[in-house]
Amino acid sequence: MPGGPGSGPGATTGAGAKPDRPSKPPGSGSTPSAPGTPKPGGGGGGGTTSPPPPAKPTPPPTPAALKLSAPQRAPADKRWCEKVTVEFRNTGGTPARSGTITFATHIIGALGVDWATIRSSQPLPAPIAAGATRSQTYTVCLESWRVPLGMRVETQDVSAVWE
């Protein structure tokens, strides 16, 4: 009977009739949302939050980079020796594990004439951690026959190589 009760659009009759829309489970109250998306009206602030941006990959650490101070000289007990203090500053991102420091020691005559420059090497005070500063005092000696009476030694320059 057309126009009777229950005969509106979408109305069905009979025992095998199916509803037009799927029914919600009892007590659900809202439509389900996709995982990871905020539910409307949910949350304390009332606004929606976006997921955090992806983390930037950390760059590989930079290699060790040592900066040496000017040599600080002090007399030693023999005229062909002196105590030399050097400060090492590692400005790189990895430790300096090993290496050598080279001293350029000048032989100075009584009248101030620079007669010769002798190079000598000693080990670094390794390891030197990234960002760390370390100070080391070395006793730098030349052979006694190279520094006759009236002459002296002066370590005027230092350099280093490291791994």
Side-chain angles (χ1 to χ4, degrees), residues 22 24-25 27-163:
K24 297 182 216 174
S28 67
S30 67
T31 57
S33 60
T37 59
K39 293 184 180 179
T48 59
T49 59
S50 60
K56 294 180 182 178
T58 57
T62 58
L66 291 182
K67 298 203 183 276
L68 282 64
S69 69
Q72 303 295 315
R73 302 174 26 244
D77 56 346
K78 298 179 176 111
R79 72 177 183 281
W80 55 86
C81 296
E82 70 179 344
K83 295 188 181 290
V84 180
T85 302
V86 180
E87 183 178 275
F88 303 91
R89 183 179 308 264
N90 186 354
T91 59
T94 57
R97 297 183 310 268
S98 64
T100 57
I101 182 169
T102 301
F103 302 94
T105 304
H106 297 256
I107 301 171
I108 309 295
L111 299 175
V113 176
D114 190 339
W115 288 95
T117 301
I118 308 297
R119 298 197 183 281
S120 61
S121 297
Q122 294 190 33
L124 285 178
I128 303 171
T133 301
R134 182 179 275 184
S135 183
Q136 177 77 28
T137 300
Y138 296 91
T139 301
V140 179
C141 293
L142 302 180
E143 294 87 358
S144 61
W145 61 268
R146 291 187 183 265
V147 189
L149 284 172
M151 293 186 158
R152 68 185 191 281
V153 294
E154 286 184 11
T155 302
Q156 297 177 0
D157 192 28
V158 292
S159 61
V161 293
W162 60 89
E163 295 178 19

Work out which heavy atom in [X] is nearest to a heavy atom in [Y]; give both atom names and the distance.
{"X": "Gly92", "Y": "Ala130", "value": "O-CB, 3.5 Å"}
{"X": "Arg79", "Y": "Val147", "value": "NE-O, 2.9 Å"}
{"X": "Pro125", "Y": "Gln136", "value": "CB-OE1, 3.5 Å"}

Is a side-chain N or O of [X] found less than 3.5 angstrom from the main chain of [Y], in a donor-acceptor match?
{"X": "Asn90", "Y": "Ala65", "value": "yes"}
{"X": "Tyr138", "Y": "Pro123", "value": "yes"}
{"X": "Glu82", "Y": "Thr155", "value": "yes"}
{"X": "Thr94", "Y": "Ala64", "value": "yes"}

Kindly state each residue pair satisfying disulfide bond (SG atoms under 2.5 Å apart) with at least one member in residues 91-123, sequence neighbours excluded.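 Non-adjacent pairs meeting disulfide bond (SG atoms under 2.5 Å apart): zero.
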
Do other residues, nucleotides or ligands put more than 12 heavy atoms under 6.0 Å from Arg89 CZ?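 For Arg89, atom CZ is not crowded (no more than 12 foreign heavy atoms under 6.0 Å).
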
Any Leu66 side-chain heavy atom under 4.5 Å of Leu124 side chain: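 Touching, per the 4.5 Å side-chain cut-off.
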
By side-chain hydrogen bond (donor to acceptor under 3.5 Å, both in side chains), which residues pair with Ser98, not counting sequence neighbours?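 Ser98: no side-chain hydrogen bond (donor to acceptor under 3.5 Å, both in side chains) contacts found.
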
Residues two or more places apart in sequence or in another chain: which of them pass side-chain hydrogen bond (donor to acceptor under 3.5 Å, both in side chains) with Glu154?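 Testing Glu154 for side-chain hydrogen bond (donor to acceptor under 3.5 Å, both in side chains), a comparison that skips the adjacent residues, returns Arg152, Gln156.
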
